J.: 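Quick one: structure below, then a few questions.
Quick note: residue numbers are just sequence positions, from 1. Just follow the structure's listing: the first ligand is 1, and inside any ligand the first atom is 1. The structure displayed is predicted, hence computed values, not measured ones. For the numbers below, each heavy atom of this structure counts, side chains included, while hydrogens, waters and symmetry mates do not.
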Amino acid sequence: MNDTQEKKHEDTNSNSPLGVRGSIGIFDSGYGGLTILEKIKEALPDNDFIYLGDNARTPYGTRSFEVVYKYTLQCVTQLFEMGCHLIILACNTASAKALRTIQQNDLPILDPNRRVLGVIRPTIEIIGDLTQSKHVGLLATTGTVQSNSYPLEIKKIFPEIIVSSEACPMWVPLIENNEHLSDGADYFIKKNLDQILKTDPLIDTLILGCTHYPLLINKIYKYLPKNVKVITQGEIVAKSLVDYLNRHPEIDSRCTKNGKIEYFTTESTDKFKSSASIFLNAEIVAKHINID
Ligand code: DGL
């Protein structure tokens, strides 16, 4: 993970007592971050996690920069209050639109010793090894596509790679409403896949740049030519987090390790329980939390 910002803060005074420890916070606008949490907990089975889904205000992908930033900061502050010292924005839209401002402007005031990390940088870092044709496609929310974060960041590390982007505004609502396995979902999935391959037929690697999209993976494969690789972020982010904690023992030592996971949603707990349990194939009990 990109820790340039963190280095700047290492010598500053802490607002949080160094002896206090807490869970790792995993944040998403809704259920998508569960696809990241699933892989992170496989990689770090002893760690404690708090998952926060802002389901009441999802989707973020069609909202303005100001609104995504405001909502994300509220959720980050909430996770800090719950004792998290390290938060992963398991949401590309929040990573694209709010992460930098939170790291640069808010963390120094809220608590310079806490960390907030995103999912875009770790994904970009490995993309050069995956594409042969050097033509990469990005499927993401309208917000992530409009932010241009992926093409700009990829250009910095791999200037030879050509990136084409396609916003898929219907995909998150289909998932949040548990319609993603219905026949109706196929129409929108095929439409966006056809469009991006029409934009650049040389694409051999497609980034699913929204943490909700792995829940559509079977349908995505159904409409893609065999030569196109699909990149999901769960394992990439999990590996990057393990590496980050190894490089930052001062953060790792502030993460509690009892193998416990707590789930919070801003929506109804019944709705979260039924949908999250389908996505994770396990019984998920969430608590309700008000954030505004
Ligand atoms: N899962 C999110 C992402 O990775 C956000 C989807 C949304 O709320 O629109 O972008």
Side-chain angles (χ1 to χ4, degrees), residues 1 25-40 51-76 79 87-100 102 116-124 137-151 153 165-180 185 188-189 192 206-217 220 230-238 240-241 263-267 271-272 275-276 279-280 291:
M1 293 210 176
I26 310 284
F27 165 70
D28 183 45
S29 62
Y31 300 114
L34 295 171
T35 65
I36 303 286
L37 173 63
E38 197 184 9
K39 299 296 175 190
I40 290 181
Y51 184 88
L52 173 56
D54 193 6
N55 302 78
R57 304 189 290 192
T58 198
Y60 280 17
T62 44
R63 297 186 189 274
S64 67
F65 170 88
E66 288 76 15
V67 172
V68 172
Y69 164 63
K70 181 181 151 194
Y71 288 179
T72 305
L73 181 60
Q74 286 173 337
C75 292
V76 163
L79 285 166
I87 296 171
I88 310 300
L89 300 186
C91 173
N92 289 268
T93 311
S95 299
K97 290 186 150 188
L99 178 62
R100 190 174 294 238
I102 290 175
V116 182
L117 305 171
V119 290
I120 295 180
R121 184 74 193 202
T123 312
I124 282 166
L138 169 73
L139 300 165
T141 65
T142 307
T144 300
V145 169
Q146 281 174 351
S147 75
N148 229 10
S149 299
Y150 272 94
E153 293 295 321
S165 306
E166 172 78 6
C168 311
M170 288 304 291
W171 291 16
V172 169
L174 284 168
I175 293 162
E176 288 289 321
N177 292 296
N178 206 9
E179 286 291 338
H180 57 294
F188 293 102
I189 292 166
N192 292 122
L206 261 186
I207 303 171
L208 299 191
C210 172
T211 55
H212 282 67
Y213 295 176
L215 297 162
L216 303 170
I217 195 85
I220 291 172
V230 179
I231 309 302
T232 56
Q233 296 175 295
E235 277 170 23
I236 298 168
V237 173
S240 176
L241 178 58
Y263 298 88
F264 289 87
T265 175
T266 55
E267 246 288 353
K271 186 170 184 288
F272 190 93
S275 296
F279 298 147
L280 286 186
I291 295 176

J.: Taking 4.0 Å as the limit for heavy-atom contacts, which would you say applies to Val119 with ligand 1: side chain only, backbone only, both, or neither?
T.: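 For Val119, there is no contact with ligand 1 at all, from either part.
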J.: As an exercise, state the distance from CD of Glu166 to CG of Asn192, rounded to the nearest 0.5 Å.
T.: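 The CG atom of Asn192 is 4.5 Å from CD of Glu166, to the nearest 0.5 Å.
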J.: I need the single residue from Thr144, Val68, Val172 that forms a side-chain contact (heavy atoms from CB on, under 4.5 Å) with Tyr60. Which is it?
T.: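 Answer to the side-chain contact (heavy atoms from CB on, under 4.5 Å) test with Tyr60 among Thr144, Val68, Val172: Val68.
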J.: Taking all non-hydrogen atoms of both residues, which atom of Tyr51 and which atom of Gly33 are closest, and how far apart?
T.: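 Smallest heavy-atom distance, with atoms named: OH-N, 3.2 Å.
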J.: Between Tyr150 and Ile120, is there a side-chain heavy-atom distance shorter than 4.5 Å?
T.: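 Side chain of Ile120 against side chain of Tyr150, heavy atoms only: contact under 4.5 Å found.
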J.: Please confirm whether Tyr60 comes within less than 3.5 Å of ligand 1 when only nitrogen or oxygen atoms on both sides are compared.
T.: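 Yes; the residue has a nitrogen or oxygen that sits under 3.5 Å from a nitrogen or oxygen of the ligand.
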J.: I'd like to check which ligand 1 atoms, numbered from 1 as shown, lie under 4.0 Å from a non-hydrogen atom of Gly61.
T.: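 Near Gly61, the atoms of ligand 1 are 7 (C), 8 (O), 9 (O).
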J.: Polar-atom distance check: Thr144 versus ligand 1, any N or O pair below 3.5 Å?
T.: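 Looking only at distances, the answer is no, because the N/O contact criterion of under 3.5 Å is not met.
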J.: Indicate yes or no: does an N/O atom of Pro59 lie under 3.5 Å from an N/O atom of ligand 1?
T.: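 Among all N and O atoms of Pro59, none is under 3.5 Å from an N or O of ligand 1.
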J.: I need the atoms of ligand 1 closer than 4.0 Å to a non-hydrogen atom of Thr58, numbered in the order shown.
T.: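 In order of number, 8 (O).
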J.: Using a strict cut-off of 4.0 Å, indicate which atoms of ligand 1 neighbour a heavy atom of His212.
T.: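 Taking each heavy atom of His212 in turn, ligand 1 has 1 (N), 2 (C), 6 (C) under 4.0 Å.
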J.: Check this for me: Glu235, atom CD, are more than 12 non-hydrogen atoms of other residues, nucleotides or ligands nearer than 6.0 Å?
T.: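 No, the 6.0 Å shell around CD holds no more than 12 heavy atoms from other groups.
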J.: Would you indicate whether the side-chain heavy atoms of Thr141 and Trp171 approach each other to under 4.5 Å?
T.: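 Result no, sub-4.5 Å side-chain heavy-atom pair not found.
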J.: What atoms in ligand 1 come closer than 4.0 Å to a heavy atom of Ser29?
T.: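 The atoms of ligand 1 under 4.0 Å from a heavy atom of Ser29 are 5 (C), 6 (C), 7 (C), 8 (O).
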J.: Which residue owns the protein heavy atom closest to atom 10 (O) of ligand 1, what's the atom, and how far is it?
T.: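 Looking at atom 10 (O) of ligand 1, the protein heavy atom closest to it is Thr93 OG1, 2.6 Å.
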J.: Determine, using heavy atoms of Cys91 and all atoms of ligand 1, whether some pair is separated by less than 4.0 Å.
T.: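 Flag set, Cys91 near ligand 1.
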J.: What residue and atom, counting heavy atoms only, is the protein's closest point to atom 3 (C) of ligand 1, and at what distance?
T.: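 Ranking protein heavy atoms by distance from atom 3 (C) of ligand 1, first comes Asn92 N, 3.2 Å.
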J.: Do any nitrogen or oxygen atoms of Thr141 lie less than 3.5 angstrom from nitrogen or oxygen atoms of ligand 1?
T.: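 No, since none of the N or O atoms of Thr141 sits under 3.5 Å from an N or O of ligand 1.
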J.: Under a 4.5 Å cut-off applied to non-hydrogen side-chain atoms, are Val116 and Leu99 in contact?
T.: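 Heavy-atom side-chain distance check passes, below 4.5 Å.
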J.: Which one holds for Thr211 and ligand 1: side chain close, backbone close, both close, or neither close, with close meaning a heavy atom under 4.0 Å?
T.: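 Near ligand 1, Thr211 shows its backbone as well as its side chain.
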J.: Under the criterion side-chain contact (heavy atoms from CB on, under 4.5 Å), I'd like the reasoning laid out for Lys39 against Val237: C-alpha separation, chi angles, the key distance, then a yes or no.
T.: CA-CA 8 Å; Lys39 299 296 175 190; Val237 173; over 6 Å; no
J.: Any idea which heavy atoms bring Thr265 and Asn55 closest together, and the distance?
T.: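 Heavy-atom minimum between the residues: OG1-OD1, 2.9 Å.
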